[in-house]
2 protein chains.
Amino acid sequence: MDQDSWLDDDQLAAWVRLAAVMELLPGELDSQLRRDAGLLHFEYFVLAMLSEAPERTLRMTELAALTTATLPRLSHVVRRLEDRGYVRRAPCPGDRRATNATLTEAGWEKVREAAPGHSATVRRLIFDALTPRQVDQLREIAGSVLGHLDPRADKAAVYTRYDGGR
Amino acid sequence: MDQDSWLDDDQLAAWVRLAAVMELLPGELDSQLRRDAGLLHFEYFVLAMLSEAPERTLRMTELAALTTATLPRLSHVVRRLEDRGYVRRAPCPGDRRATNATLTEAGWEKVREAAPGHSATVRRLIFDALTPRQVDQLREIAGSVLGHLDPRADKAAVYTRYDGGR
DNA sequence: TCCTAACAGTTGACGCTACAACCATACAGC
DNA sequence: GCTGTATGGTTGTAGCGTCAACTGTTAGGA
């Protein structure tokens, strides 16, 4: 742990700001979605991923990879979503260890209802403050960090129509 | 909520990657600090802010602003840190509503012990994946978003020696 | 075939955060 | 000086995420 593990001034300045954003943003997203749709951001994200999947169905493991969540976390969340009627779970015919999660009609309606407000919030909180050039830079930067942070998570980035099927 | 509240493709690609990073990074930081120093990232951040303050002392409200935390959250965290001997609370002489939090000697030692490993982790997870040019871009982007997200939080950015007094 | 290891998922307990309610102090207007 | 309001902070509760433990299933060898 020698000298060159320290951050230089530029890195430090970038990190302090990034850390503050990371601290504030999730709360803002949760708060808007909770107020307008009764969903947490992560719950919305789960529903959105299902809404884009073939048959609106995904195996829990795959859904976990797409949402960069641990399996226990996803299991709890999906149980709560199932209790509310947005998702249905069924054993996977091919592999009896696995569980398929399917978006119900009510879940589909919920995503479509929540999507516009959520998109608008993301745009307002992040992109209204950035130039088009900075949006490109952000995509590159976040992509590099993500690939470096968890190669598995790169899968998530292929899902571009994240907003629930506009 | 009309058409122009949607995100365009560039924005969507940037956002999906950023969201994934935001989901993964906090866990990684907590996990390293917890393993190596028995602290959560937010606890470390609180101790670090105190370590940089005059007299290693700050009022709760000011500390909350620096750490972009709500007052209830900070109150709970500081109580736990006090139980562990890292922080001491005392009524503020000037304003009897207020409470001053002071870093103890043990807290100072703890920050100094944890700082190198934490800095190295931040560098490894984020900056090793970026060019110097991208570090500048990230600082600008995060700064803009932060200023737009919560003007109060801009205060946090002035604290550059975030790592606990290297 | 049997036996082991890996995989898929669920559950329960514990810890942290958000929210609301609350108390005490300070301050401003009259 | 009194009253109303804003400020500073703490506490209790409910809800979500993590971790460890566990069940059931599949696959790979001897």
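We name chains A, B, ... by the order of the sequence lines, and we start the count at 1 in each one.
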Between atom [atom1] in [X] and atom [atom2] in [N], what is the gap in whole Å?
{"X": "Arg79(A)", "N": "dG15(D)", "atom1": "CZ", "atom2": "C1'", "answer": "11 Å"}
{"X": "His76(B)", "N": "dC14(C)", "atom1": "NE2", "atom2": "P", "answer": "19 Å"}
{"X": "Glu23(A)", "N": "dA18(C)", "atom1": "CD", "atom2": "C1'", "answer": "13 Å"}
{"X": "Leu39(B)", "N": "dG15(C)", "atom1": "CG", "atom2": "C1'", "answer": "15 Å"}
{"X": "Asp83(B)", "N": "dC16(C)", "atom1": "CG", "atom2": "P", "answer": "11 Å"}
{"X": "Leu63(A)", "N": "dA8(C)", "atom1": "CG", "atom2": "C1'", "answer": "14 Å"}
{"X": "Glu43(A)", "N": "dC16(D)", "atom1": "CD", "atom2": "P", "answer": "6 Å"}

**5' priority, DNA chain D, between Arg73(B) and Arg59(B) [closest heavy atom]** =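 Closest to the 5' end, via its nearest nucleotide, is Arg59(B).
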
**First encountered from the 5' end of DNA chain D, between Arg97(A) and Arg80(A)** =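 On the 5' side of the pair lies Arg80(A).
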
**Prompt:** When you match Pro93(B) and Asp95(A) each to their closest nucleotide on DNA chain C, which lands nearer the 5' end?
**Reply:**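 First, find each residue's nearest nucleotide; the 5'-ward one identifies Asp95(A).
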
**Prompt:** When the nearest nucleotide of DNA chain C is assigned to Arg89(A) and to Pro72(B) on a heavy-atom basis, which residue is associated with the more 5' position?
**Reply:**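 Taking each residue's closest nucleotide, the earlier one in sequence belongs to Arg89(A).
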
Across the strands shown, which category fits [X] at heavy-atom distances under 4.0 angstrom: base, sugar-phosphate, nothing?
{"X": "Arg34(A)", "value": "nothing"}
{"X": "Leu40(B)", "value": "sugar-phosphate"}
{"X": "Thr99(A)", "value": "sugar-phosphate"}
{"X": "Asp30(A)", "value": "nothing"}

**Request:** Please say whether more than 12 non-hydrogen atoms of neighbouring residues, nucleotides or ligands are located less than 6.0 Å from CZ in Arg35(A).
**Result:**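 Buried by this count: over 12 neighbours within 6.0 Å.
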
**Prompt:** If you count the non-hydrogen atoms of other residues, nucleotides and ligands that lie under 6.0 Å from CZ in Arg34(A), is the total more than 12?
**Reply:**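 Atom CZ in Arg34(A) is not crowded, with 12 or fewer foreign heavy atoms closer than 6.0 Å.
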
**Request:** Would you kindly say whether Arg79(A) and His76(A) are connected by a side-chain donor-acceptor distance under 3.5 Å?
**Result:**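 Yes, side-chain donor-acceptor contact under 3.5 Å.
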
**Message:** I need the Thr68(B) OG1 to Phe45(B) CZ distance, nearest 0.5 Å.
**Reply:**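 These two atoms lie 6.5 Å from each other.
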
